[in-house]
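I have placed the structure first, in the form of structure tokens, so that the comments after it can refer back to it.
Letters A, B, ... mirror the listed sequences (proteins, then strands); counts begin at 1. If you're wondering where the values come from, they're calculated on a predicted model, not measured in any experiment.
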Amino acid sequence: MLDQAFEALKTYNWGADVKALDPISEAVVKTHGDEKGRLDLENRLAAVLTSGASRDAKDYVCRQLVVAGSKASVPTLAGLLSDKELSHMARYALERNQAAEAGQALRDALPKASGAIKIGVISSLGVRKDAESVSALGKLLGDSDAAVARAAAHALGDIRTPEAAKALSEAKPAAEAKLAVADARLACAESMLAHGKKAEALAVYKSLSGQDQPKQVRLAATRGMLAGASK
Amino acid sequence: MSRSSSSTRREFLKTAGASVAIPYIITSAALGNADRPAASDRIVMGGIGVGNMGSGDQGAFLGRGDVQYVAVCDVRKGVREAAKGRADKHYQNSDCREYNDFRELLARDDIDAVHVATPDHWHAIMVIDACRQGKDVYCQKPETRTLREGPLMVAAARRYARVVSGGSQRVLEDYRGIVDKCWSGSLGPIKSINVNVGPLSQICNLPAEPTPADIDWDMWLGPAPWAPYNKARCDGNFGTGGGSWRSYVDYSGGGMTDWGAHHFGGATFAVDVREMQPVEVQYHDDKEGKYVTLHYPNGIVISHNRPKFENLQVEGTPGETRAPKPVPSYKGQGGIYGDFIECVKTREKPFRDIELAVNTIAVSHLAIIAYQLQRSLKWDSATQQFPGDAEANRLLDRTRREPWQV
């Protein structure tokens, strides 16, 4: 059955019966705890990604690699990160893959990517709370593409390490990215308060309470100061 | 109203009055009357996703004298135009503005609140962005598409002190009988409640069809994986059997989240576990069938599709009673919509405060993951992780297509 399903993947495309592929998703579940079986399956799936299979088939494979992926499929997925059609689904499989290699693949892709693909990679690094990417993301806060700068700000707000907070506080964002930077700084301040770093949090809130900030940011900063004062 | 944006509007009017010529004609509608506040005191609203449920939500808000409805957003031109038409007809003017891109609507300083009724895969992005822009939000259920989205939405609401309400009116209105019974104490300490709902959503692999000219397909897909247009992929009907977006995993959790938001909402309300999340999901696969039980820290169990149990069947403690508790309800007038508007004015938490709504839909998501992996799972709601279960933790979220992020 599994062999037939992999055979079906070769011609799978929009409109084909997805149930023909069910043995693959069933194999993903059944190989839980079976290291060798899972690795064999992962390798078979990864091989589809370098074959002439359709975008739809590769999309299906990436969905299965969300659960079945390990460091073994990272190099293949990394090769798709720059592919306009497949970058998203490659990240789909990599983003929550706990292997250190997955984070490295995303960091490696960052300087080579541009536009929407770069924003996607930035976003995935944020979701992973990838502390090793803080320096690279910090540099992007001043990117000439405001969408890239905003994405970097939100990613640093997800990471929330002291280094991320520092990069955000030192940023001189363009007007279009100012709100995103403020939001990320507020997120960092919340984390500081939660970790008992009251003075650091209050400093962030104070710096966001000026008239140069939008009123919703000033309100949030004022509330943060009150929350900090009561701690 | 105590909202800062409204204050600004009034301050503007006050300041402008000193330096700008007042129009000769101010309509009686603008000045207000006993039934309708003056324009400057109305809550200025817009709607995002205004077909199907969104049109119903729009109608509810349009019908309120304390709301001024000024903007509609939808990626389907015909739906958008129809929604504008409804607003303009209601106010006998042509003032309602149309948007294809929700970010333009949210960027308007004059809008206080929005309602969101897009397909589910958009909810978190829009609600969080609305909070960042200082708007209050009424978001249709199911409020989240993934477990990871919930705490992010709650954090955004709290960070900016926004009123964010979930959208299931059935939680209070449909299940009141069982809720009253449980809260009266007559059933004694509650042990469990069962919910029968489904199905789970499926991967969509419908064939490509020509994309109609009046839909912005890339924006409809938004953060979901790219796929070709097919009418059944994006149809907004309420079915979950294959002819609507509610049937497919990229946009919905299927009946498990769509009706699950109602039923699990009623169940968690009835047994009073709205403010917590389960600590464990047990997967059962025996001769009677497959079902899950969700175990709460206080010992209460919610089962899903438990064989031989009816929907919202409660297990109490026969022969025992418990002290009655007052049943929470809506504030203001006009059901769940009135509750939201009242809270926008008073800054109280609404009946379906986003945190309670997130807790409800987390039940659906946890059950779905247990069914997908076909095994029991521990859940730590404080860290929002499946402890020690890397595989399950990969299912906490669905990676968003660039350039979208939450």
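For A/D56, the part sitting under 4.5 Å from any heavy atom of chain B is the side chain, from C-beta outward, and nothing else. Looking at B/A224, only its backbone comes within 4.5 Å of chain A, counting heavy atoms on both sides. In this structure, the portion of B/R400 lying under 4.5 Å from any heavy atom of chain A is its backbone and not its side chain. In this structure, no portion of A/A147 lies under 4.5 Å from any heavy atom of chain B. Interface remark: A/R150 contributes backbone atoms only to the contact with chain B (heavy atom separation under 4.5 Å). Using a 4.5 Å cut-off between heavy atoms, A/L86 does not touch chain B at all. With a threshold of 4.5 angstrom between heavy atoms, B/A392 does not approach chain A through any atom at all. Of the atoms belonging to A/N13, it is backbone heavy atoms, and not side-chain ones, that fall under 4.5 Å from chain B. Proximity to chain A is limited to the side chain of B/V249, based on heavy atoms less than 4.5 angstrom apart. Using a 4.5 Å cut-off between heavy atoms, B/N230 makes no contact with chain A at all. When heavy atoms are compared at a cutoff of 4.5 Å, A/V29 approaches chain B solely by way of its side chain, counted from C-beta outward. The part of A/R223 that comes within reach of chain B is its side chain, from C-beta onward, which places non-hydrogen atoms under 4.5 angstrom from that chain. Interface residue A/S124: only side-chain heavy atoms are found under 4.5 Å from chain B.
The shortest side-chain heavy-atom distance between B/V406 and A/H154 does not fall under the 4.5 Å cut-off. Residues A/Y60 and B/I203 have side chains in contact (heavy-atom distance under 4.5 Å, counting atoms from C-beta outward). For the pair A/V18/B/Q202, no side-chain contact is recorded, criterion being any heavy-atom separation below 4.5 Å from C-beta on.
For the 3.5 Å distance criterion, the side chains of B/E402 and A/H88 fail to qualify, holding no donor opposite an acceptor. A donor atom on one side chain and an acceptor atom on the other are found under 3.5 Å apart for B/R398 and A/Y92. Looking at B/N205 and A/Y12, their side chains do bring a donor and an acceptor atom within 3.5 Å of each other. Donor-acceptor pairing under 3.5 Å is lacking for the side chains of B/R162 and A/Q216.
The CG atom of A/D59 sits 10.0 Å away from the CH2 atom of B/W226 when rounded to the nearest 0.5 Å. Taken from CD in A/E95 to CG in B/L396, the straight-line distance is 11.0 Å, to the nearest 0.5 Å.
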>> Assess the residue pair A/R63 and B/D250 against the criterion (side-chain contact (heavy atoms from CB on, under 4.5 Å)); give the C-alpha distance rounded to whole Å, side-chain angles, the decisive distance to 0.1 Å, and a yes or no.
In response: CA-CA 11 Å; A/R63 290 172 191 268; B/D250 289 337; 2.7 Å; yes
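Proximity of a side-chain donor or acceptor of A/Q98 to a complementary backbone N or O of B/A390 within less than 3.5 Å is detected. Without hydrogens or angle criteria, B/R159 side chain to A/E190 main chain gives no donor-acceptor distance under 3.5 Å. Listed for the B/R132 side chain is no donor-acceptor partner under 3.5 Å among the backbone atoms of A/D183.
In terms of heavy-atom pairs under 4.5 Å with chain B, the best-connected choice from A/A182, A/P214, A/A187, A/G115 is A/A187.
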